[in-house]
Amino acid sequence: QVQLVEDGGGFVQAGESLTLSCVASGDIGNIGAMGWYRQAPGKKRELVASIAIGNNRNTNYTDSVKGRFTISRDAAKNTVLLSMNSLKHEDTAVYYCNARRYGSTWHVDYWGQGTQVTVSS
């Protein structure tokens, strides 16, 4: 099992910044990628950003956050950060940390409890 604990959500004004953190613990040896998802009221959960766990550290962002959000990883601390700048009202959502373990033909997702981000317009 993998445990994920998020921190850093809050209430901010449009244009301000927040940084979310996610600390992973447990059986994290074979995790292939980590990322952040978000879910706004009445909407489906969507991928915000992801980072590969490995030497390449490839990152991926949803179009709406490109140039504003940055995902990074501190391997020594088993931590993934999401730095969010120029926040917009439409970024308001519950943000969930995700860790994905890959098999040859399958994957398993682990989730944190979620942290609320509210951006006032």
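Computation of the quantities below employed the complete heavy-atom set of this structure, encompassing side-chain atoms and omitting hydrogens, waters and symmetry-equivalent molecules.
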Among pairs that include at least one residue of residues 110-121, which meet side chain to side chain donor-acceptor pair (under 3.5 Å), considering only residues two or more places apart or in two chains?
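Listed once each, the pairs are Glu6-Gln113, Arg101-Tyr110, Gln116-Thr118.
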Where do Val48 and Val65 come nearest, in terms of heavy atoms and distance?
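Answer, listing the atom of Val48 first, then Val65: O-CG2, 3.7 Å.
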For residues Ser50 and Leu47, report the shortest heavy-atom separation together with the two atoms involved.
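Smallest heavy-atom distance, with atoms named: CB-CD1, 4.2 Å.
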Taking ring-ring contact (aromatic ring centres under 6.0 Å, His included) as the cut-off, I'd like each qualifying pair that reaches into residues 60-91, sequence neighbours left out, listed once.
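Qualifying pairs, neighbours excluded: none.
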Other cluster members, Val23 - Ile/Leu/Val/Met/Phe/Trp/Tyr, side-chain contacts below 4.5 Å
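ILVMFWY cluster around Val23 holds nothing else.
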Other hydrophobic cluster members with Phe11, side-chain heavy atoms of Ile/Leu/Val/Met/Phe/Trp/Tyr under 4.5 Å, chained?
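Cluster partners of Phe11: none, it stands alone.
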Test: salt bridge (charged side-chain N to carboxylate O under 4.0 Å, His left out). Region: [range]. Which pairs qualify, not counting sequence neighbours?
range: residues 47-67; result: Asp63-Lys66
range: residues 17-26; result: none
range: residues 103-120; result: Arg100-Asp109

Identify all side-chain donor-acceptor contacts of residues 74-85 below 3.5 Å with residues at least two apart in sequence or on another chain.
| unit_1 | atom_1 | unit_2 | atom_2 | d |
| --- | --- | --- | --- | --- |
| Asp74 | OD1 | Ala76 | N | 3.2 |
| Asp74 | OD1 | Lys77 | N | 3.3 |
| Thr79 | OG1 | Lys77 | O | 2.9 |
| Asn85 | OD1 | Ser17 | OG | 2.9 |

Could you pull out all residues at least two apart from Glu16 that satisfy side-chain contact (heavy atoms from CB on, under 4.5 Å)?
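Testing Glu16 for side-chain contact (heavy atoms from CB on, under 4.5 Å), a comparison that skips the adjacent residues, returns Val12, Gln13.
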Under 4.5 Å between side-chain heavy atoms, hopping through other hydrophobics if needed: is there a path connecting Ile71 to Val5?
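No, Ile71 does not connect to Val5 through the hydrophobic network.
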Where at least one partner belongs to residues 42-92, residue pairs that pass disulfide (SG to SG under 2.5 Å), sequence neighbours excluded:
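Checked against disulfide (SG to SG under 2.5 Å) - neighbours excluded - no pair reaches residues 42-92.
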Show me the pairs that pass disulfide (SG to SG under 2.5 Å) and involve residues 85-121, at least two apart or across chains.
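Listed by first then second residue: Cys22-Cys97.
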Give every donor-acceptor pair under 3.5 Å between a side-chain atom in residues 30-41 and any protein atom, sequence neighbours left out.
| unit_1 | atom_1 | unit_2 | atom_2 | d |
| --- | --- | --- | --- | --- |
| Arg38 | NE | Glu46 | OE2 | 2.7 |
| Arg38 | NH1 | Asp91 | OD1 | 3.0 |
| Arg38 | NH1 | Tyr95 | OH | 2.9 |
| Arg38 | NH2 | Glu46 | OE2 | 3.2 |
| Arg38 | NH2 | Ser64 | OG | 3.3 |
| Gln39 | NE2 | Lys43 | O | 3.1 |

Would you check, one step at a time, whether the test side chain to side chain contact (heavy atoms under 4.5 Å, CB included) holds for Val2 with Ile28?
CA-CA 6 Å; Val2 175; Ile28 61 174; 4.0 Å; yes
